[in-house]
Each structure stands twice: as structure tokens, then as C-alpha cells.
Amino acid sequence: MTEIALEPLRIVLGSGLPERNEAIARLITSGRSSLAFILGDEACRYRLLVRAINWDRILIAYRGPTALGYVAFKHHRRGPFSPGFGPFRDEFGRLRGGVRYLLFIIAEYREWYYGFYLYGLHVIKPARHQGVATALLTETFRQARQAGYDRVELEVQVKNRSAQQLYIQQGFVRGHTTPMNWLGRLLPFPAVVNMRRSLKSQP
Ligand SMILES: CC(C)(COP(=O)(O)OP(=O)(O)OC[C@H]1O[C@@H](n2cnc3c(N)ncnc32)[C@H](O)[C@@H]1OP(=O)(O)O)[C@@H](O)C(=O)NCCC(=O)NCCS
């Protein structure tokens, strides 16, 4: 067992961090790979989003100084990222940047009808199967209750069986499968399954 594995797991709200280093920002902006056709590859997503992270919408799991994973969520019309047009224009030029920015806003807007929405969850490969995601979800449920919600909702890609397994174990139930309605007919969004977890009867 490594020394890191012996350290207790800590779950920290991003806005409470004394300092936010580049590695954490890279971890957080690495998500949203399903929007790669809008936001580009991992390096590009970092450049577009790094200055627009809403740290109060992100929980980070640490053992000692090592960040092992994060969960991002959206509520009260505020998610983990609020980029302006500027970074898109700088990256892609005015016209192509404008189109991509518009598509990003549409993709984000599509989720506004959810109350407390689990936007992203990721654990680094060497730290998987050690309960890190479970600990992040437990703290997410606490954040949702504190924000006045009685359920948490999410969308997960139909093909992502391992994440669905985790969510079911954590009390989520499957809802409808969305081949992405009208948006999916226009753009290459993957099919997703909607899942929800009540906070009323479960701890
Ligand atoms: C899905 C993910 C977040 C799970 O993180 P984790 O820290 O390994 O999860 P936990 O250790 O808390 O797992 C708890 C339980 O969930 C289930 N589970 C987790 N990963 C699983 C997998 N790959 N296959 C099957 N079941 C899995 C298991 O029942 C597991 O218990 P076990 O480890 O005793 O078998 C991680 O694999 C990941 O980051 N994947 C890539 C990103 C992703 O798919 N995110 C979800 C997008 S919606």
C-alpha cells in the first residue's frame, strides 16, 4: 500500500480551496468529452474554460495533496463553467468561435429544467474502486439538501455501464432514455439515460 493510500479521503468544495493549481483546473476541464465537437480536445477545453470555472459548483476529492477526482453540479441556473464569447473567438476566430459558443450555450441551456443536476463526475484511473466516487456523491447529496432540493438528477451515456452501475448502487433509478430529441437530430450528441435519486427517504 502506498503512503497516499494511507491518507484519509477529504472532500473539499472548490471555493474553499486556499489555492487552485493548474493540475486541478486541468482535471476539471477534462470532462465534457461528449461535447468535443464543440469544445475541442482536452487541451482546447482547458484553454476555453479555465478562466470561467465556478468553484462553488465543484467538489474535489483529495488524499493528502493529491487530487483524485471531482464532481461538478448545477443548480439555481449556475453550473461549473460560465465562459464568455472571448475565449471562443480567440481559439476559433469570430465566425467559427461564434457558432461553437452558441452551440455550447444551447447544450448548457438544455439542462436548465433540472433542479439540482449532477453535471460531471470523474476519478483518476489509479484511484478507482476505492470509494472515491461514492464519497463525492455522498457530499453532493449533502450539498443538494443544503441548497433546498429533494432530489438529484443526471444524464449518463447509455454505453457507460460502469457509471450506471455506480449510480444504481448509490440509490439512483433510471428514467427515460433520450436520443437527444431535436438537438440530437442536428448534432452528434450521444444517447443518454436520465437518472434520479430522491433525497427524501434515503440518507
Ligand atoms: C465511474 C467512476 C466515477 C467510478 O469511480 P470510483 O471511484 O471507481 O467508484 P467507487 O470506488 O466509489 O465505486 C463504487 C461502486 O460502483 C460500482 N462501480 C464503479 N466503477 C465500476 C466499473 N468500472 N464497473 C462496474 N461497477 C463499477 C461498483 O459497484 C463499485 O464498488 P466496488 O469498487 O466495490 O466494485 C470512474 O470509473 C470514472 O471516473 N470513470 C470515467 C468517467 C465517468 O464515466 N464518469 C461518469 C460520467 S456520468
Side-chain angles (χ1 to χ4, degrees), residues 14-15 24-59 69-122 136-137 140 143-144 147-149 151-161 163-164 167 172-197:
S15 51
I24 295 171
R26 282 199 185 275
L27 180 68
I28 291 164
T29 58
S30 69
R32 274 318 204 216
S33 56
S34 61
L35 294 187
F37 67 98
I38 300 173
L39 298 175
D41 61 13
E42 239 180 82
C44 187
R45 293 202 288 280
Y46 174 77
R47 290 192 297 275
L48 291 175
L49 301 172
V50 63
R51 276 180 290 279
I53 300 174
N54 296 322
W55 291 93
D56 59 340
R57 294 297 191 259
I58 289 157
L59 291 165
Y70 74 91
V71 62
F73 44 84
K74 226 178 209 185
H75 63 88
H76 291 96
R77 298 189 172 268
R78 185 174 155 90
F81 305 116
S82 304
F85 171 50
F88 285 74
R89 182 198 52 218
D90 297 347
E91 190 70 32
F92 303 110
R94 190 169 286 276
L95 188 62
R96 285 194 307 140
V99 172
R100 286 182 187 241
Y101 182 63
L102 189 67
L103 290 174
F104 177 70
I105 297 298
I106 291 171
E108 291 280 296
Y109 185 77
R110 203 186 53 75
E111 296 160 354
W112 285 133
Y113 62 87
Y114 289 116
F116 191 103
Y117 178 70
L118 198 148
Y119 185 98
L121 171 68
H122 186 89
L136 283 165
L137 288 173
T140 301
Q143 294 280 332
Y149 293 91
R151 69 174 179 228
V152 172
E153 292 176 89
L154 60 84
E155 287 174 358
V156 53
Q157 288 190 28
V158 170
K159 63 179 186 196
N160 192 348
R161 295 280 171 192
Q164 287 174 43
Y167 294 136
F172 284 84
V173 291
R174 284 199 185 90
H176 58 273
T177 300
T178 316
M180 280 299 180
N181 52 49
W182 57 272
L183 213 49
R185 285 187 210 114
L186 299 175
L187 298 164
F189 283 114
V192 293
V193 56
N194 165 285
M195 299 185 85
R196 60 180 56 190
R197 200 247 195 218

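With values rounded to the nearest 0.5 angstrom, E91 atom CD is found 8.5 Å from R100 atom CZ. For the atom pair CG (D41) and OG (S30), the distance works out to 12.0 Å, reported to the nearest 0.5 Å. Summarising the geometry, atom OG1 belonging to T29 is positioned 6.5 Å from atom CG belonging to L49; distances are rounded to the nearest 0.5 Å. Remark: I58 CD1 to I24 CD1 distance equals 10.0 Å, nearest 0.5 Å. One finds the CZ atom of F104 at 14.0 Å from the CZ atom of F85 (value rounded to the nearest 0.5 Å).
Two residues are said to be in side-chain contact when any heavy atoms from C-beta on lie closer than 4.5 Å; F73 and L121 fail this criterion. Between V173 and R196 there is a side-chain heavy-atom pair separated by less than 4.5 Å. Between I53 and F81, some side-chain heavy-atom pair lies under the 4.5 Å cut-off. Here the side chains of Y114 and L154 are not in contact, with every heavy-atom distance at 4.5 Å or above. With a 4.5 Å cut-off on side-chain heavy atoms, F116 and R151 do not count as touching. For the pair R45/S33, a side-chain contact is recorded, criterion being any heavy-atom separation below 4.5 Å from C-beta on. Contact of the Y167 side chain with the L137 side chain is registered, since non-hydrogen atoms from C-beta on lie closer than 4.5 Å. Residues Q157 and S34 meet the side-chain proximity criterion, which asks for heavy atoms closer than 4.5 Å.
Q164 places a side-chain N or O within donor-acceptor distance of the main-chain N or O of V158, the cut-off being under 3.5 Å. Proximity of a side-chain donor or acceptor of N160 to a complementary backbone N or O of A163 within less than 3.5 Å is detected.
A pairwise comparison of heavy atoms in E153 and G115 identifies OE2-N, 4.0 Å as the closest pair. Between Y70 and G31, the shortest heavy-atom distance links the atoms OH-CA, 3.6 Å. V152 and A144 get closest at one heavy-atom pair: CG2-CB, 3.7 Å.
With sequence neighbours left out, R174 forms a salt bridge (charged side-chain N to carboxylate O under 4.0 Å, His left out) with no residue at all.
For residues 74-90, the salt bridge (Lys or Arg N to Asp or Glu O under 4.0 Å) pairs, not counting sequence neighbours, are D56-R78, K74-E108, K74-E111.
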*Begin from the C-alpha positions of R57 and H76 and carry the test side chain to side chain contact (heavy atoms under 4.5 Å, CB included) through to its verdict.*
CA-CA 11 Å; R57 294 297 191 259; H76 291 96; 4.3 Å; yes

*Start with the C-alpha distance between W55 and I28, add both sets of side-chain angles, then the distance that settles side chain to side chain contact (heavy atoms under 4.5 Å, CB included), and finish with yes or no.*
CA-CA 10 Å; W55 291 93; I28 291 164; 3.5 Å; yes

_Verdict with supporting geometry, F88 and L48, side chain to side chain contact (heavy atoms under 4.5 Å, CB included)_ = CA-CA 6 Å; F88 285 74; L48 291 175; 4.1 Å; yes

